[in-house]
Amino acid sequence: MRYSRSFIPTLREDPAEARKNPSHRLLLRGGYVRQIGAGIYEFLPLGLRVLKKVEGIVRAEMDRAGALEVMMPALVPADLFKETGRWDLFGSTLFRLKDQKRNDYHLGPTHEEVITDMVRATVRSYRQLPINLYQIQWKYRDEARPRAGLLRCREFLMKDAYSFDVDEAGALASYRTMREAYIRIFKRVGLDFRIVAADSGAMGGSTSAEFQILAETGEDAIVVCTQCDYAANVEAATAKPVEAAAVTVEASTQRPKEVATPGKKTIEEVAEFLGVDATKTVKAGAFLYGKAPGDAGQLVLVFVRGDRRINEVALARETGAQWLRPAEDEELTARGVVAGYIGPQGLPAGVEKVLVDRELTSAVDTIVGANKAGFHVKHMSMPLAVNALGERASWADLRAVGKGDLCPSCGGGLEEYKGIEGGHIFVLGTHYTAKMGAKFLDDKSQEKHIVMGCYGIGVSRLVAAAIEQRYDESGIRWPMAIAPYHVIITALQNDGAVMETAVKLYEELTALGVEVLLDDRDERPGVKFKDADLLGVPLRLTVGKKTLDQGKVELKARTEKDVSLVDVSAAVELVASRVKAELA
RNA sequence: CGGGGAGUAGCACAGCCUGGUAGUGCACCAGCUUUGGGAGCUGGAUGUCGCGGGUUCAAAUCCCGCCUCCCCGACCA
C-alpha cells in the first residue's frame, strides 16, 4: 500500500479524552480507530487490518482444533434468555429493545442460549456428538462504565466457541482441546500471558480458566507461584495458611480484656493507637447478600486478619449469594451491630451468619472490636470465639491473596501481576442444556442432557492488549503476526533514484508476500520517521540519498535501537526472511 | 448507580469571573525558501461556541432544564 493512497489520519497530539490509557491513546493517534460514543468505535483501514489478523489467527486455530464456524444473530428474541432466567439475571448490562409489535429483544452479549437452541433443534443422537461450534461476531453489553478504549467496550468483537458432549469426560476432553488451541492462539498473536484459575461466577460452571495478558494497565490482579505452575485470579486465589508457629502464642493464656479506643474505627487507627502491628488485629466486614435478585438482604459478618482485604468474590461463593454489597451503618445499627467496633464475641442475636478467615485459626492473641462503641478487646482467641458462636460461625478462605502469601499447592512464594482477561474457558455442564431441554439418546437408548462447555476470546480486546504490552514513548510496537504491515519503506526523497529504489523494493517484497507500506508522501523525513514509529510497523527500510550513493539502504526494527546498513541488492531477501522467521 | 471534571475549527486549548463583531498553536489550502527525527516566512480557508429555553438593546459569557464525553469508585456472564 502506498501511504499517499491510504487513509491513515495520524494525530500529532494526544486526544484529551484518551490520555490515561496507552492503547486507547495510540490507536487513536495512529489512525487505527475513532471513537464515536462511549465504548463504541469505528475501525479505520489500519485498525481493521490488525483486527482481521487477530481474527484470522483465532479462526485458523479453532478450525485446526475441529471447531465449526457458524453465524448467529446479534438481535435475539427475548424468549431464549427468559428460558434460562438470564433475561432477569443479566440486569442492566443487557441491551434491550422492542420491535414494532412491542415484543422484547436483546442484542447478544453472549450466545449460550442461541447456540443451545440451535443444537437442541438438530441433535437427537449421541452419534451427532461431540460437536464444537464457534462464532466470531460483534457482541453487546451495556457496560455501566465503558473505559480504556477497546479494552472495555459496549460493542466488541468476540470469538465464542461452544462444545457439546455426551458426558462430563467428553466435556473435559473438549475443554482440554480448547485450552491447547488457546495456548497456540495467544502464542501466535505474540502475547505474554498466564493461564490462571478463575472464579466461575454466575456462569454456573465447574472448571474454568482465564487467559490473562500481562500488562501494567490490566484491570485484573492475578497471583503466580514462583516455583510451580499455580496461577490464579486473586478472586479465586487461595494461599497456604500462615503456620501457627509464626504467631505469638505465649500470651494465649491471658484473658480477653476490654480497652478503650475512643473514636478509633479503622484498623490503621486502632493498631496505631494500641501500638501493635495490623497483623495482630482482626478486621471485620459486614455485608448484605441475597440468593435471588430482589431478595431481602441477609447479614453476614466477615473476619480477616487486620492487614488483609476481604475477597468479595470468595465471600459470594461461600454464601451462595447472587448479589452482595457492604452493609450501610444504619443497616448495622438496626440489627444491633456497632459499625467500627465489630468483634466475634457477644454478637447480638440479629447476626445469623459469621464467617472467619482460615488464617485466623492461629490468631490466639489478637485484637478485635468489642461490639461496643469506643472499645476493642485485647487477647482474644479467634478459635475460641468461633466455638462460642456455635452454628452461627464457620471457617472459610475469604482473604484476598497477594504478594507475600505462600502458594497453596507447593508453598512457594506468590507474585502478583496485573492482567487483561483475553480469554476464558469453562466447562458448563448441563446448566443451560437442562434448562432448555437439549437432550439426546445415548447408546443405551437413555435420554440425557448434553454436557456443554464455552470458550471466549475478546478479539478486539486483544488488539488493545497487545499494545498495552508493547509500546514506548514513540508509539506502538506490534508483534509481526498482527501488525497492519510487516515493513514500512520510508523514502526520504520523493523523486529520482530514491523513489525508484523504494518502489522497486516495494514491488519485490510484495511479490514475495510481504505486506509493505510505502511512505511515498511528500513529507519531510522527520514526519515520516515519527509516523512510522507511531504506527508501530515492526520493520523499517529507509531509502535516502545519503546511503543510496553507496548502494545501501537502512534496516531498522521498531523494537531495536540499532540501524543496519544493507546492500540494496540484499535488502529484499533479508527483510523477507526476517518476516518469515518472526511469523513462524 | 455514587463522586469529580469537561463540552469553543480536524486536534490541543484560551476567551466565560466583569455580556458588546470568536481567538492561539498544530493540521488544511496557495506561494517562496527548506529537506535524515513532527521546517521557516507570507497570504488564505475553516465555527449551529453540546442542545433547548430564559434574562438582556445585546449571551460562548448570566440563569434554568437536558444531553454527551472523560476520570475515580461500585459493577463487569
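Quick caveat: nothing in here was measured; it's all calculated off a predicted structure. In what follows, every chain begins at residue 1, and chains take the letters A, B, ... in the order their sequences are listed.
Nucleotide B/A30 forms a pair with B/U42, judged by Watson-Crick or G-U wobble geometry with both contacts under 3.5 Å. The nucleotide B/A22 finds no pairing partner, because no Watson-Crick or G-U wobble arrangement with both distances shorter than 3.5 Å includes it. B/G37 is unpaired under the criterion used here, namely a Watson-Crick or G-U wobble arrangement in which both key atom distances are under 3.5 Å. Searching all strands for a Watson-Crick or G-U wobble partner of B/A59 with both distances below 3.5 Å returns nothing. The partner of B/U48 cannot be assigned: no Watson-Crick or G-U wobble pair with both contacts below 3.5 Å exists in any strand. Figure legend. B/A6 is base-paired to B/U68; pairs are counted as Watson-Crick or G-U wobble with both atom distances under 3.5 Å. Nucleotide B/G73 is matched to B/C1 when pairs are restricted to Watson-Crick or G-U wobble geometry with both distances under 3.5 angstrom.
In this structure, A/H24 and A/Y41 have perpendicular ring planes: the angle between them is above 60°, well past the 30° mark.
With P as the reference atom, B/G53 and B/A59 are 13 Å apart, rounded to whole Å. Taking atom C1' in both B/G44 and B/C57, one finds a spacing of 35 Å when rounded to whole Å. One C1' atom belongs to B/U35, the other to B/G5, and the distance between them is 44 Å to the nearest Å. Nucleotides B/G20 and B/C72 place their P atoms 37 Å apart, quoted to the nearest Å. The gap from the P atom of B/G65 to that of B/C71 amounts to 27 Å, rounded to the nearest Å. Atom name P, nucleotides B/C76 and B/U61: the rounded distance is 42 Å, in whole Å. Atom P of B/U24 sits at a distance of 15 Å from the matching atom of B/G47, rounded to the whole Å. Comparing B/C49 with B/U21, their P atoms sit 15 Å apart, to the nearest whole Å.
Put simply, the side chain of A/R524 and the base of B/G40 share no donor and acceptor less than 3.5 Å apart. Residue side chain A/R152 reaches the base of B/C76 through a donor-acceptor N/O pair under 3.5 Å, judged by distance alone. At a cut-off of 3.5 angstrom, the base of B/G37 holds at least one donor-acceptor pair with the side chain of A/R540. For A/E13 and B/G38, a side-chain-to-base donor-acceptor distance below 3.5 Å is absent, hydrogens and geometry of angles not being considered.
Applying side-chain contact (heavy atoms from CB on, under 4.5 Å) to A/L214 and the options A/K418, A/E468, A/R194 leaves one that passes, A/R194.
When each of B/A12, B/G38, B/C69 is scored by its nearest atom to the side-chain atoms of A/P15, the top-ranked nucleotide is B/A12. Closest to the A/E523 side chain, of the nucleotides B/C28, B/G37, B/C69, is B/C28. Proximity note for A/F529 (side chain, C-beta onward) versus B/A12, B/G38, B/G37: the nearest is B/G37. Of the candidate nucleotides B/C69, B/G37, B/C75, B/G37 has the atom nearest to the side chain of A/K530. Each of B/A74, B/A39, B/G36 was ranked by its minimum atom distance to the side chain of A/R147; first place goes to B/A74.
A/K20 comes within 4.0 angstrom of the backbone, heavy atoms only, and of no base. Residue A/E113 is classed as having no contact, given no heavy-atom separation below 4.0 Å to the nucleic acid. Using a 4.0 Å heavy-atom cutoff across all strands shown, A/A38 reaches sugar-phosphate atoms only and no base atom. A/R29 comes within 4.0 angstrom of a nucleotide base, judged by non-hydrogen atoms across all strands. In this structure, A/T547 reaches the bases: a heavy-atom distance under 4.0 Å links it to at least one base atom across the strands shown.
Put simply, A/R12 has a side-chain N or O that comes within less than 4.0 Å of OP1 or OP2 on B/A27. Contact check, A/R145 against B/C1: no side-chain N or O comes under 4.0 Å of OP1 or OP2. Dashed line: the shortest gap from a side-chain N or O of A/Q35 to OP1 or OP2 of B/C70 is under 4.0 Å.
Aromatic ring centroids of A/F211 and A/H424 lie 6.0 Å or more apart.
For the 3.5 Å distance criterion, the side chains of A/E210 and A/S208 fail to qualify, holding no donor opposite an acceptor.
A salt bridge is absent between A/D142 and A/R96: the closest approach of a Lys/Arg side-chain nitrogen to an acidic carboxylate oxygen does not fall below 4.0 angstrom.
Cation-pi geometry between A/R521 and A/Y3 is met: the NZ or CZ atom falls under 6.0 Å from the ring centre, inside 45° of the normal. Under a cutoff of 6.0 Å and an axis angle of 45°, A/R154 and A/Y140 do not form a cation-pi pair.
Rounded to an integer number of Å, the gap from A/K556 NZ to B/G36 C1' is 14 Å.
For the pair A/V498 and A/K545, the tightest heavy-atom approach, listed with the atom from each and the gap, is CG2-N, 3.5 Å.
Between A/D14 and A/L548, the one whose closest nucleotide on RNA chain B sits nearer the 5' end is A/D14. Of the residues near RNA chain B, A/E143 and A/A148, the one whose nearest nucleotide (by heavy atom distance) lies more toward the 5' end is A/A148.
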